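Presented below is the structure to which this report refers.
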Amino acid sequence: YLMVLDSIDVYEILAIATIEECRNKGIAQELLDKIKTKDIFLEVRKSNEKAINFYKKNNFKQISIRKGYYSDPTEDAIIMKMEVNNE
Ligand SMILES: CC(C)(COP(=O)(O)OP(=O)(O)OC[C@H]1O[C@@H](n2cnc3c(N)ncnc32)[C@H](O)[C@@H]1OP(=O)(O)O)[C@@H](O)C(=O)NCCC(=O)NCCS
């Protein structure tokens with residue numbers, strides 16, 4: 001699934017996930033491709049390498065860090081943005 005906040009000129013990804021048995025088959029890619037019509041923002045746990053790799057592959061750039069944003073366990077959030085014109 002992909003859950004998105006749709007604002008006037010930007011999307012914010014609230015959540016994206018693929019069921020574990022079905023990962024690495026391009027499903028998240030297919031979902032993301034559907035919303036590449038506006039700039040996209042998101043936040044991700046600093047340790048979430050799989051997701052960060054996936055976003056970098058899709059031209060998302062780190063724009064800032066929110067210190068201690070997540071709880072259980074406490075962790076920084078990386079804020080990333082994809083500008084649609086750079087695609
Ligand atoms: C991140 C997630 C949504 C990717 O879903 P998916 O359907 O497996 O993704 P796709 O098959 O479309 O894309 C695969 C890409 O993910 C990244 N990736 C997947 N597994 C990886 C791993 N073990 N290590 C590093 N990168 C990985 C790579 O960029 C990979 O592309 P590549 O094969 O060209 O290297 C999935 O791993 C997931 O549901 N994770 C748990 C939920 C989550 O963390 N969501 C993000 C919250 S911000």
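Atoms within each ligand, like the ligands themselves, are counted from 1 in listed order. Count residues from 1 along the sequence. Keep in mind that this is a model prediction, so the values were computed, not measured.
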Criterion side chain to side chain contact (heavy atoms under 4.5 Å, CB included) on Leu5 and Phe41, from CA distance to verdict: CA-CA 10 Å; Leu5 181 69; Phe41 285 90; over 6 Å; no
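- Closest heavy-atom contact between Thr18 and Arg23: O-NE, 2.8 Å.
- Considering backbone and side-chain atoms together, Gly26 places an N or O closer than 3.5 Å to an N or O of ligand 1.
- Counting protein heavy atoms only, atom 20 (N) of ligand 1 is closest to Asn24 OD1, 3.3 Å.
- Residue Glu30 qualifies as open at atom CD: its count of foreign heavy atoms under 6.0 Å is 12 or below.
- Nearest approach of Glu75 to Lys46, heavy atoms of both residues: OE2-N, 3.1 Å.
- The shortest N/O to N/O separation between Glu49 and ligand 1 does not fall below 3.5 Å.
- Counting heavy atoms from C-beta outward, Asn53 and Lys57 have side chains that stay 4.5 Å or more apart.
- Arg23 CD, 3.5 Å is the protein heavy atom nearest to atom 37 (O) of ligand 1.
- Shown are Ile78, Asp76, Ile13, Ile79; of these, the side chain to side chain contact (heavy atoms under 4.5 Å, CB included) with Val44 is made only by Ile78.
- Protein heavy atom nearest atom 46 (C) of ligand 1, with residue, atom name and distance: Ile16 O, 3.6 Å.
- Less than 4.0 angstrom separates atom 14 (C) of ligand 1 from at least one non-hydrogen atom of the protein.
- Nearest protein neighbour of atom 44 (O) of ligand 1, counting heavy atoms only, is Asn48 ND2, 2.7 Å.
- The shortest N or O to N or O distance between Ala28 and ligand 1 is below 3.5 Å.
- Taking a cut-off of under 4.0 Å to the non-hydrogen atoms of Tyr55, the atoms of ligand 1 that pass are 46 (C), 48 (S).
- Counting heavy atoms closer than 4.0 Å to ligand 1, residue Leu32 contributes nothing at all.
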Worked verdict on Lys56 versus Met80 for side chain to side chain contact (heavy atoms under 4.5 Å, CB included): CA-CA 9 Å; Lys56 283 186 175 164; Met80 303 184 89; 4.1 Å; yes
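- Here the shortest heavy-atom distance to atom 22 (C) of ligand 1, taken over Gln29, Lys56, Lys50, belongs to Lys50.
- Nearest protein neighbour of atom 16 (O) of ligand 1, counting heavy atoms only, is Phe54 CB, 3.6 Å.
- Inter-residue side-chain proximity for Glu49 and Ile52 is flagged as unmet; no heavy-atom pair is nearer than 4.5 Å.
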Test log, rule side chain to side chain contact (heavy atoms under 4.5 Å, CB included), inputs Glu83 and Lys61: CA-CA 9 Å; Glu83 290 186 12; Lys61 312 280 186 235; over 6 Å; no
Intermediate values then yes/no, side chain to side chain contact (heavy atoms under 4.5 Å, CB included), Asp6 and Lys38: CA-CA 10 Å; Asp6 185 358; Lys38 303 182 198 178; 2.4 Å; yes
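- Residue, atom and distance of the protein heavy atom nearest to atom 1 (C) of ligand 1 are Ala51 CA, 3.8 Å.
- The part of Lys57 lying near ligand 1 is the side chain, judged by heavy-atom distances below 4.0 Å.
- With a 4.0 Å cut-off on non-hydrogen atoms, Lys25 touches ligand 1 through its backbone and not its side chain.
- Of the N or O atoms in Glu43, none lie within a sub-3.5 Å distance of an N or O in ligand 1.
- In terms of N/O distances under 3.5 Å, ligand 1 is approached by Asn53.
- Checked by atom type, the side-chain pair Gln29/Asn58 shows a donor-acceptor distance below 3.5 Å.
- Per-atom contact check: atom 35 (O) of ligand 1 does not touch the protein, criterion being a heavy-atom distance below 4.0 Å.
- Geometrically, ligand 1 and Val44 share no nitrogen or oxygen pair separated by less than 3.5 Å.
- Looking only at heavy atoms of the protein, atom 7 (O) of ligand 1 is closest to Thr18 OG1, 2.8 Å.
- Proximity of Ile16 to Leu42: side-chain heavy atoms (C-beta onward) are nowhere separated by under 4.5 Å.
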